[in-house]
Amino acid sequence: MKDTDMARFTKSTCLTPLALAAVLLLGGCASFSQDGGMQTVSALADARTGAPAALAGEGGEAKLAQLLAQPLDADSAVRIALMNNQDMKVALAQLGASEADLVQAGRLRNPGLSFGRSHGSHGNEIDRGVSFDLAGLLTMPMRVNIERGRFEQAKLQAASSAVQLAADTRRAYFHAVAAVQTEAFMQRALVSAEAGAELATRLQQAGNWSRLDQARQQVFYADAVGDLARARHQATATREHLTRLLGLWGRQTSFTLPSRLPDLPAQAVDAGNIEAQAMEQRLDVQRAKLDAHATASALGLSKVTGFVNVLDVGYTNKSTSEAPRENGYEVSLELPLFDWGTARDARAQALYEQSLQRTAGTAVRARSEVREAYSSYRTAYDLARHYRDEVVPLRKTISHEVLLRYNGMLASVFELLADAREQVASVNGAIETQRDFWIAQTALQSAINGSGPGAATAAKE
């Protein structure tokens, strides 16, 4: 209902049946939106996930099948999760409930009708009446504004759930791909260890190797068997975690992952003004601000209705069998004899102060999280690049030189096999640092975009 309509109504001094009908018509003008807030949520999520996608199954089975037909990359995994994850669908369904509250706030309570008939010595007497909630009409704009603020909060909450899901999916994706890469390497390491163990056994039987050297090679093979078993389970566990986030089941779970992690970017991003970006883009900061505004509106509503809690206006019609019909109106209200509303006002003021402090705390935490996340990101990048540019090339050089010396009979078989054992630790370390970088990058984006508390520590999972 428009504010001007309400103003004209409140200025009237007599409520006729025609005026009552107009009020009832205006009270039912609130309606649902066409998209239920989905367009806003999609825009907020698309700007922060880096992978624009349809939410909650809007893409259909054909789009899902198309994405699963190719080896997944991080962006396609996020698209699948946003359109297919069941928890995401639950979060989006909450939008409908919030919009229903908004529509309900824009509608008047149903009118009340009364009818009475009595018989006495003076004949029959009939009373007729109709009443409606005038207080609800007068406070409707405030209630609508409050529910509109809550609806906006619900949109931010749904978008935050989408951003959080995207971040969780990216982390799970990089864990799963790293596990695939590690498993493949451990399979090759086991083949090498098995060949070394067999050679060591033959050399020891021929008397060319000591029992100690042979035992060392045997334990390397035994450790490789255990490491491969753990790597296989890790590949299964991380894949299943990713499958749950993608919301897949049945034949859909046979999706293909790449055999190795993406390469490192050419250079790391600078910190720049990440704190300012976080204050502008973090959804939890925006949600806290909206909560403070909604609480302020609630405080204003509490003061308006502090003295008149129940105000009903009604049209009456009375007739008797021996007198002409009588028309008029009646007003009923609750007198503040015992409860002047001071306790409600104090509570509302306390809740408003609480929301202000919560907003300030959210901002402080966001700034700290984004600084911590950038430190983790930069450290992970430097370590991954160190392994890529220093450790792995040096390990290859050492292996090449040891092999040349072995071929020239300047190095023993023991040295050759010992070098193979050392390669395992170096390559695994390189895979882990590369994985940690991509996870740290995801955590940094989460800290900037505000996908939830603890985004800065997500890389530690």
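Because the structure is a prediction, the values reported are computed rather than measured.
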### Query
Where do F174 and F437 land on the ring-ring contact (aromatic ring centres under 6.0 Å, His included) test, with the steps shown first?
CA-CA 10 Å; F174 292 126; F437 163 75; 8.8 Å; no
#### Entry: Side-chain donor-acceptor pair present, D168, Q164, cut-off under 3.5 Å
yes
### Summary
Rounded to the nearest 0.5 angstrom, the CD-CG distance for Q204 and L212 is 11.0 Å
### Query
Hey, is the main chain of D87 close enough, under 3.5 Å, to the side chain of N85 for a donor-acceptor pair?
yes
### Task
Identify the two heavy atoms, one from Y173 and one from D73, that lie closest to each other, and give their separation to 0.1 Å.
OH-CA, 3.2 Å
### Query
Are T433 and D436 linked by a side-chain donor-acceptor pair shorter than 3.5 Å?
no
### Non-hydrogen atoms of D389 and P393 that approach each other most closely
O-CG, 3.4 Å
### Query
What distance do R435 atom CZ and H175 atom NE2 have between them, rounded to the nearest 0.5 Å?
5.5 Å
### Message
Around atom CD of Q86, are there more than 12 heavy atoms from other residues, nucleotides or ligands closer than 6.0 Å?
### Response
yes
### Query
Are there more than 12 heavy atoms of other residues, nucleotides or ligands under 6.0 Å from atom CZ of R202?
no
### Query
Can you tell me if Q423 and S399 form a side-chain donor-acceptor pair at under 3.5 Å?
yes
### Query
Does any N or O in the side chain of N84 come within less than 3.5 Å of the main-chain N or O of G247, such that one atom is a donor and the other an acceptor?
yes
### Message
Could you tell me if Q286 and R282 have a donor-acceptor pair between their side chains, going purely by distance under 3.5 Å?
### Response
no
### Query
Hey, are D263 and R388 close enough for a salt bridge, meaning a charged N less than 4.0 Å from a carboxylate O?
no
### Message
Could you walk me through whether N449 and L283 satisfy the side chain to side chain contact (heavy atoms under 4.5 Å, CB included) test, starting with their C-alpha distance in whole Å, then the side-chain angles of each, then the deciding distance to 0.1 Å, before giving a yes or no?
### Response
CA-CA 6 Å; N449 293 323; L283 294 174; over 6 Å; no
### Task
Can you measure from CG (L68) to NZ (K63) and round to the nearest 0.5 angstrom?
11.0 Å
### Message
Once rounded to the nearest 0.5 Å, what's the spacing between atom CG of D227 and atom CE of M186?
### Response
4.0 Å
#### Entry: Exam field: side chain S98 to backbone L95, donor-acceptor pair closer than 3.5 Å
no
## Note on the structure
In terms of heavy-atom contacts, A74 and R170 come closest through CB-NH1, 3.5 Å
### Task
Determine the minimum heavy-atom distance between T362 and A288, stating which atoms define it.
OG1-CB, 4.1 Å
### Task
Keeping the roles fixed (side chain from Y377, backbone from T442), state whether a donor-acceptor pair exists under 3.5 Å.
no
### Message
Can you tell me how far apart CD1 (I439) and CD (E432) are? Round to the nearest 0.5 Å.
### Response
10.5 Å
### Task
Check step by step if side chain to side chain contact (heavy atoms under 4.5 Å, CB included) holds for S375 and T379.
CA-CA 6 Å; S375 175; T379 301; 4.2 Å; yes
### Summary
The reported gap from CE in M83 to NZ in K89 (rounded to nearest 0.5 angstrom) is 9.0 Å
### Message
Among residues at least two apart in sequence or on other chains, which ones pass salt bridge (charged side-chain N to carboxylate O under 4.0 Å, His left out) with E275?
### Response
R367, R371
### Message
Side chains of Q441 and Q445: any donor to acceptor distance under 3.5 Å?
### Response
no
### Minimum heavy-atom distance A292-L356, with the two atoms named
CB-CD2, 4.2 Å
### Message
A side-chain contact here means heavy atoms from C-beta on lying under 4.5 Å apart; do L351 and Q354 qualify?
### Response
yes
### Message
On a heavy-atom basis, which atom in Q181 and which in L261 lie closest, and how many Å separate them?
### Response
OE1-N, 3.0 Å
### Query
Do Q252 and L64 come within less than 4.5 Å of each other through their side chains, counting heavy atoms only?
yes
### Query
Does A276 offer a backbone N or O that forms a donor-acceptor pair with the side chain of N273 under 3.5 Å?
no
### Query
Salt bridge or not for D382 and R378, using N-O below 4.0 Å?
yes
### Message
Is there a side-chain contact between V424 and F220 in this structure, where contact means two heavy atoms from C-beta onward sitting under 4.5 Å apart?
### Response
yes
Let me have the donor-acceptor pairs involving side chains of residues 234-243, under 3.5 Å, with sequence neighbours excluded, atom names and distances please.
from: T236; atom 1: OG1; to: R232; atom 2: O; distance (Å): 3.1
from: T238; atom 1: OG1; to: Q234; atom 2: O; distance (Å): 2.8
from: T238; atom 1: OG1; to: A235; atom 2: O; distance (Å): 3.2
from: R239; atom 1: NH1; to: F255; atom 2: O; distance (Å): 3.3
from: R239; atom 1: NH2; to: T253; atom 2: O; distance (Å): 3.0
from: R239; atom 1: NH2; to: F255; atom 2: O; distance (Å): 2.3
from: T243; atom 1: OG1; to: R239; atom 2: O; distance (Å): 2.8

### Message
With side chain to side chain contact (heavy atoms under 4.5 Å, CB included) as the criterion, how do I398 and R395 come out once you've worked through the C-alpha distance, each side chain's angles and the decisive distance to 0.1 Å?
### Response
CA-CA 5 Å; I398 292 173; R395 178 53 57 192; 3.8 Å; yes
### Message
How about CD on Q187, more than 12 heavy atoms from neighbouring residues, nucleotides or ligands closer than 6.0 Å, or not?
### Response
yes
### Message
Quick one, W438 with V177, criterion side chain to side chain contact (heavy atoms under 4.5 Å, CB included). Give me CA distance, side-chain angles, the key distance, then yes/no.
### Response
CA-CA 11 Å; W438 289 110; V177 175; over 6 Å; no
